[in-house]
Amino acid sequence: MKVQDLAKKLGKSVKELTQFLEDMGIKIKSPTSRLDDETVEQVKDLFRHESEPTEPEGPKTATLTKSHIKVQELAALLDLKLPDVMKAFLIKGLMVNLNSEIDAKTAADIAAHLNITLEMNLDDTEKPLSIRDHLDKIEEHEIDQNPDHLLVRPPVITIMGHVDHGKTLLLDTIRKSNIISGESGGITQHIGAYQVQIKGKKLTFLDTPGHAAFTALRARGAQVTDIAILVVAADEGIKPQTIEALSHAKAANVPIMVAINKMDKPDANIERVKQQLAEHDLLAEDWGGKTVMVPVSAKSKAGLDDLLDMIILVADMLDLRAISTGPAKGVVIESRLSRKKGPIATILIKTGELKVGDHFVIGSTMGKVRALLNDLGEKIDIALPGTPVEVLGISEVPTPGSLFEVMPTEKEARAITESRQLIETQQVSKNIKNVSLETLSQQIEEGNIRKLNLIVKADVNGSLEAILASIAQITSKDVAINIIHSATGPINENDMMLAAASEAMIVGFHITITPEAEKLAENEGIEFKLYDIIYQIVDDLQRVVNGLFKPEFEEVELAKIEVRQLFKFSKVGIIAGCFVQSGKVIRNMQARIFRGKDEIFKGKINSLKRFQDDVREVAANFECGVVMDGFTDFQQGDMIVCFEIRQKK
């Protein structure tokens, strides 16, 4: 629609409308300039209630109970006209529309600009949800609203365990057990997941058997597995990687089944395996526990039918259901960039039905389904809950673990995408929430944490047992210490990902950290703490659970400078001609001036010069001119010591 036509329709002058559009950031060249449909609708919404009073008698205070709110909902909450609220956003330099979703802090800023105090009352149910929690909440709501459209969905299963214990062979054997089709083979794994049908029941296996990949998904907030199967070789028993896998499965809070593989080997000892697992809180059913343990042989297929039957039984007990109609929602399992097809994502559908032509959003990107491919690489028209499917038609490669949502229209998809991009520009939010002893202590002191997750690594078992026993003696009536993983050896990548997934703290005793783990810690901001004395671990943890841990700081000398000459300039004042004896001096550094043994001044280096030029830094063994902020009484022979305050390691 042309600007002049819209102005006439709204009863406004072209000049008035042009000014309003420019305030929104839309440049208008002439009255005949055309506006897109979305802009026209937004402007109409803004002027729709213009006849109402511009300064309504709204409340002086309002209460926000959600962590995020749409712009039009904020206007209703503040009891103000939508145009007035939109103008406040424009003044703040924020481009939004009526469906844009803003965070609580932004809402409070806008309310304050409108002379209204926005009080926060965010209970636990309204705090930001993980994608798993978000999906569960969506499913619960839709189940309540649509009980007649429930569908029993396939369970999602991940197989994990120690290297060489038979995970790959077991997966291959299951893959060839597609009993319904009556044929072996034929099921590919190129999309990261596949399905088999056993006795009329569909089972979905994630093709991410390594527990590192399993936890990487969870660490990004999208724990999609329903059942974890731990594979243990009957002839070797549990190994370090078995324990790591078990820790990851426990952290994921999903039912754990055990496949005791290689049962047909001469030195297989199934009872010994059960004994070892019992020491890690997995007690077999025939030992009076609740953990399903099935002896199998991936090589001879012995016990395979029993394992599949137990998977079906556990799935039936979980009663996994989902809404089979309406817009689809799911999680990105895998993503990649294809030269021929463009960005491609493997989506595990959690609820609803996904169809070719659907508009969708993934995080802050959007798209339209151009094609759907099943686990056989075949094109399909519809994907239902529990189904892994490749989606083509995405604007860019999404991050694994991202939430996938189908929108009713392209307009709504664009509105949500824009609002999420707005939020991303307002705050840098990580999918992984990392912790340190200081932040944990602060959160405990503020009452935000009631359980401290801990990963403990030590040099030998004797040290590890002593540390665990000492930690067990730490007393706190308010905070429980939960050791989610303990082992000997250096801190590795799996420890880092487990810490990120579980919001845990890593402490190490007399050990090192692998280069890969250190790089991951640096890239993701994961913190760890190494000790040489056991009682220091206990002391620090005791202070943490008491909310008393405070970081310690120290002064570190960075450079030493000798004053050798004095120069006076009318514009600058006194410049000290100096020689840098050691280190490197940088402009704006903190410094102390010593005359003999006495400190005569402490302040900041205001200016550095090399000959006539201003410079940022000067290295050792070079001359420079120094101007101090607030000090001119230099003498030849004065020593300037530059330093900075650092937190003690």
Side-chain angles (χ1 to χ4, degrees), residues 428 434-443 445-446 512-513 518-519 521-523 525-533 535-537 539-540 543-544 546-649:
V428 180
N434 304 313
V435 293
S436 66
L437 288 178
E438 300 92 89
T439 56
L440 280 170
S441 181
Q442 182 180 354
Q443 292 179 53
E445 189 173 14
E446 294 171 354
T512 58
I513 177 172
E518 192 165 17
K519 184 177 180 181
E522 182 180 349
N523 292 340
I526 304 169
E527 295 196 37
F528 58 93
K529 202 164 177 68
L530 301 178
Y531 295 86
D532 294 320
I533 303 173
Y535 78 78
Q536 288 181 347
I537 300 176
D539 286 350
D540 280 354
R543 285 189 290 158
V544 167
N546 291 339
L548 300 175
F549 192 93
K550 299 292 185 292
E552 296 181 16
F553 296 92
E554 61 184 345
E555 185 177 300
V556 180
E557 182 180 307
L558 299 178
K560 186 175 287 187
I561 313 167
E562 180 186 2
V563 178
R564 293 187 173 180
Q565 285 182 285
L566 301 178
F567 303 94
K568 187 174 182 180
F569 290 87
S570 57
K571 292 183 179 180
V572 180
I574 300 296
I575 296 180
C578 303
F579 179 78
V580 182
Q581 292 185 345
S582 62
K584 180 169 64 176
V585 59
I586 302 174
R587 187 174 62 244
N588 294 325
M589 262 186 175
Q590 293 292 319
R592 300 180 188 273
I593 301 177
F594 290 89
R595 189 163 294 162
K597 295 182 179 180
D598 299 326
E599 179 183 326
I600 61 173
F601 183 77
K602 175 184 175 184
K604 184 174 70 173
I605 294 178
N606 200 35
S607 174
L608 271 180
K609 289 184 176 292
R610 280 280 295 161
F611 303 106
Q612 302 300 319
D613 298 327
D614 287 312
V615 294
R616 181 180 178 275
E617 60 185 48
V618 179
N621 300 318
F622 285 94
E623 295 179 339
C624 63
V626 173
V627 177
M628 295 293 295
D629 187 9
F631 183 84
T632 58
D633 189 24
F634 288 104
Q635 292 183 12
Q636 290 185 15
D638 287 347
M639 295 299 298
I640 303 175
V641 178
C642 301
F643 67 92
E644 72 175 7
I645 304 298
R646 293 179 183 172
Q647 183 177 328
K648 283 186 177 181
K649 293 185 178 181

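Since the model is a prediction, treat every value here as computed from it, not as a measurement.
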Interatomic distance, CG@Asp613 vs SG@Cys624, rounded to 0.5 Å, equals 13.0 Å
Correct closest heavy-atom pair for Ala591 and Ile605 would be CB-CG1, 4.2 Å
In this structure, CD1 of Ile537 is separated from CG of Asp532 (nearest 0.5 Å) by 9.0 Å
Smallest heavy-atom separation, Phe579 atom then Glu623 atom, equals CD1-CG, 4.0 Å
In terms of heavy-atom contacts, Ala521 and Phe528 come closest through CB-CE2, 4.1 Å
All heavy atoms of Leu608 vs all of Arg616, minimum pair found to be CD1-O, 3.6 Å
From the list Asp638, Asp633, Val641, Val563, side-chain contact (heavy atoms from CB on, under 4.5 Å) partner of Ile593 resolves to Asp638
task: For Arg646 and Glu555, run side-chain contact (heavy atoms from CB on, under 4.5 Å): C-alpha distance rounded to whole Å, both residues' side-chain angles, the deciding distance at 0.1 Å, then the answer.
output: CA-CA 6 Å; Arg646 293 179 183 172; Glu555 185 177 300; over 6 Å; no
Using only atom types and a distance under 3.5 Å, with no angle test, would you say the side chain of Arg587 pairs donor to acceptor with the backbone of Val615? yes
To the nearest 0.5 Å, atom SG of Cys578 lies from atom CE of Met639 at 9.5 Å
Taking the side chain as every heavy atom from C-beta outward, state whether Ile640 and Phe634 have any pair of such atoms under 4.5 Å apart. yes
Nearest heavy-atom approach of Ile586 to Glu617 is CG1-CB, 3.9 Å
dist Arg592:CZ -> Phe594:CZ (nearest 0.5 Å) comes out at 6.0 Å
Separation between CD (Gln581) and CD (Glu562), nearest 0.5 Å, reads 5.0 Å
Between Asn606 and Asn588, the two heavy atoms sitting closest are O-OD1, 4.5 Å
CG (Asp629) and CZ (Phe601) are apart, to the nearest 0.5 Å, by 7.0 Å
